[in-house]
Peer 1: 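Structure below; questions to follow.
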Amino acid sequence: MLKTVERYLVNKRVVTSLIRPGTATVRRCFGVAAMQMQNNKTTQPKKLFTPGPLGVSLSTKEAMLADFGSRDVAFVDTVKFIRKRLVEIAGVSHDEYTAVPLQGSGTYSLESVLTTIVPKKGKVLILENGAYGRRQAAICKVLNIEHRVESFGENEQVSPKRVEQILGHDTSFTTVSVVHCETSSGVLNPVIEIGEIVRKKAPHVQYFIDAMSSFGAIPFNMKEANCDYMVSSANKCIEGVPGFGYAICRTKHLKSCQGISRSLSLDLYEQYMGLEKNGQFRFTPPTHTMLAFRKALEELDAEGGVEGRANRYKANRKVLREGMAELGFEEYLDESLQDAYIITSFKYPTQKDFDFKTFYEKLSDKGQVIYPGKVLDADVFRIGNIGHLFPEDMEKLLECIKEVCNEMNVTLPLN
Ligand SMILES: Cc1ncc(COP(=O)(O)O)c(C=O)c1O
């Protein structure tokens with residue numbers, strides 16, 4: 001078995017020259033590859049073309065092989081390094097902003113911001129054009145936070161003009177929130193224009209951006225966006241492994257939020273105070289995940305920072321869009337909404353033999369994992385360009401899509 005796995009690892013280039021045969025790392029890689037081979041009918045390693053979880057580099061996974069205690073100096077330093085780099089990636093100064101990591105997936109951090117910054121008698125204006133905007137509304141509902149949802153079409157951007165009208169008429173809001181890249185469709189919202197309006201019309205309101213799927217890949221300066229709070233998570237465009245999210249916050253405001261949170265573990269103010277006091281998390285920290293994230297940040301820098309990462313994702317998307325157009329697949333969003341290069345939604349083909357479940361499963365058997373759609377008004381599927389993916393991975397996916405359509409008797413190019 002070991003020999004088969006070894007051959008497989010070398011063939012698939014899972015083992016690189018960086019790893020010496022016989023080391024613990026290789027043995028662990030063998031385990032992973034064996035598991036993949038077992039779960040995968042065609043012995044292909046899985047590639048994730050999804051909005052998350054995303055594939056990450058082998059070296060990022062290797063970074064998790066060390067065990068650290070929560071008080072270990074090396075771990076405390078890692079947390080410090082991560083907090084510092086996140087503020088820098090947001091393009092802002094350490095004097096004004098702070099990064100607060102929090103255990104859990106991205107939604108935990110979203111909930112943590114909302115529960116901590118909206119005062120008991122506060123009110124949130126949620127600008128919604130998809131599932132992730134609606135998730136914020138769901139959080140507010142559960143937490144009993146007063147809110148108004150202003151909805152826009154799932155295939156259109158939030159309109160800054162409408163935001164201006166609302167803030168001109170209604171002065172009751174303490175928070176305005178919006179999603180940067182609505183990953184449910186791929187729409188990129190004009191967060192800078194909205195921020196200008198919020199500052200002009202309602203200077204004391206906190207402006208909150210869910211930048212979950214864009215941070216680290218779409219250049220974004222929090223100050224330029226007039227943004228007070230922003231959230232993302234470890235396993236998105238910075239390409240760490242899942243396990244924690246983080247909020248980047250205007251420190252002065254966060255410091256005014258003591259005692260507001262409706263939750264103990266999601267209290268962002270207390271999480272911040274704990275980290276400031278001794279560099280430690282209040283509760284069991286995601287040690288291995290943070291070690292991986294540190295490595296991922298170093299790899300982001302080596303790739304040329306946010307610009308470099310953006311270039312790779314744009315290259316992925318170009319291969320995907322051109323290839324899918326050649327096969328006759330139609331995109332869900334208009335050409336005017338194609339600024340984002342995070343994820344692309346494609347309409348289901350209308351041919352009678354197309355069935356998404358079969359399409360998905362056959363692609364998955366070939367090691368290509370795509371994602372169902374998440375919009376309410378159309379039958380679409382999504383293909384992500386983010387994570388540890390390269391143009392050659394997109395080419396391979398297109399080849400597999402051709403094969404699967406052929407197996408399903410779906411004639412290409414679609415008409
Ligand atoms: C824009 C956006 N917000 C929120 C989330 C939720 O994050 P999680 O699934 O990590 O809780 C996602 C997940 O993809 C997202 O893309």
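Predicted model only: the values in this text are computed from it and were never measured. Remember, it's 1-based here, ligands and their atoms both numbered in the order they're listed. The first residue of the sequence shown is numbered 1, and numbering continues consecutively from there.
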Peer 1: What part of His180 sits under 4.0 Å from ligand 1 if we count only heavy atoms: the side chain, the backbone, both or neither?
Peer 2: neither

Peer 1: Arg382 and Thr344: side-chain donor and acceptor closer than 3.5 Å?
Peer 2: no

Peer 1: Among all protein heavy atoms in this structure, tell me which lies nearest to atom 4 (C) of ligand 1, with the distance rounded to 0.1 Å.
Peer 2: Tyr132 CD2, 3.3 Å

Peer 1: Using a distance-only test with no angle check, is there a side-chain donor-acceptor pair under 3.5 angstrom linking Asn129 and Asn189?
Peer 2: yes

Peer 1: Measure the distance from atom 10 (O) of ligand 1 to every protein heavy atom, then report the residue, atom name and distance (to 0.1 Å) of the closest one.
Peer 2: Gly106 N, 2.9 Å

Peer 1: Give the ring-plane orientation class for His388 versus Phe390, where under 30° counts as parallel, over 60° as perpendicular and anything between as tilted.
Peer 2: perpendicular

Peer 1: Examine the proximity of ligand 1 to Thr107 and report which part, side chain or backbone, both or neither, has a heavy atom under 4.0 Å away.
Peer 2: both

Peer 1: Could you tell me which atoms of ligand 1, counted from 1 in the order shown, lie closer than 4.0 angstrom to a heavy atom of Val179?
Peer 2: 1 (C)

Peer 1: State whether the shortest distance between N or O atoms of Thr183 and N or O atoms of ligand 1 falls below 3.5 angstrom.
Peer 2: yes

Peer 1: For Asp210, counting its heavy atoms only, list the atoms of ligand 1 lying under 4.0 Å from any of them.
Peer 2: 1 (C), 2 (C), 3 (N), 4 (C)

Peer 1: To which of Gln136, Lys236, Arg135 does the heavy atom nearest atom 14 (O) of ligand 1 belong?
Peer 2: Lys236

Peer 1: Going by ring-ring contact (aromatic ring centres under 6.0 Å, His included), name the pairs with one or both residues in residues 62-110, residues two or more places apart or in two chains.
Peer 2: none

Peer 1: Heavy-atom pairs closer than 4.0 Å: do any link ligand 1 to the side chain of Cys181, the backbone, both, or neither?
Peer 2: backbone

Peer 1: Would you say Lys161 has more than 12 foreign heavy atoms packed within less than 6.0 Å of its NZ?
Peer 2: no

Peer 1: Do any pairs count as a ring-ring contact (aromatic ring centres under 6.0 Å, His included) and have a residue in residues 148-182, sequence neighbours left out, and if so which ones?
Peer 2: His180-Phe220

Peer 1: Going by atom types alone, do Asp377 and Tyr332 pair a side-chain donor with an acceptor below 3.5 Å?
Peer 2: yes

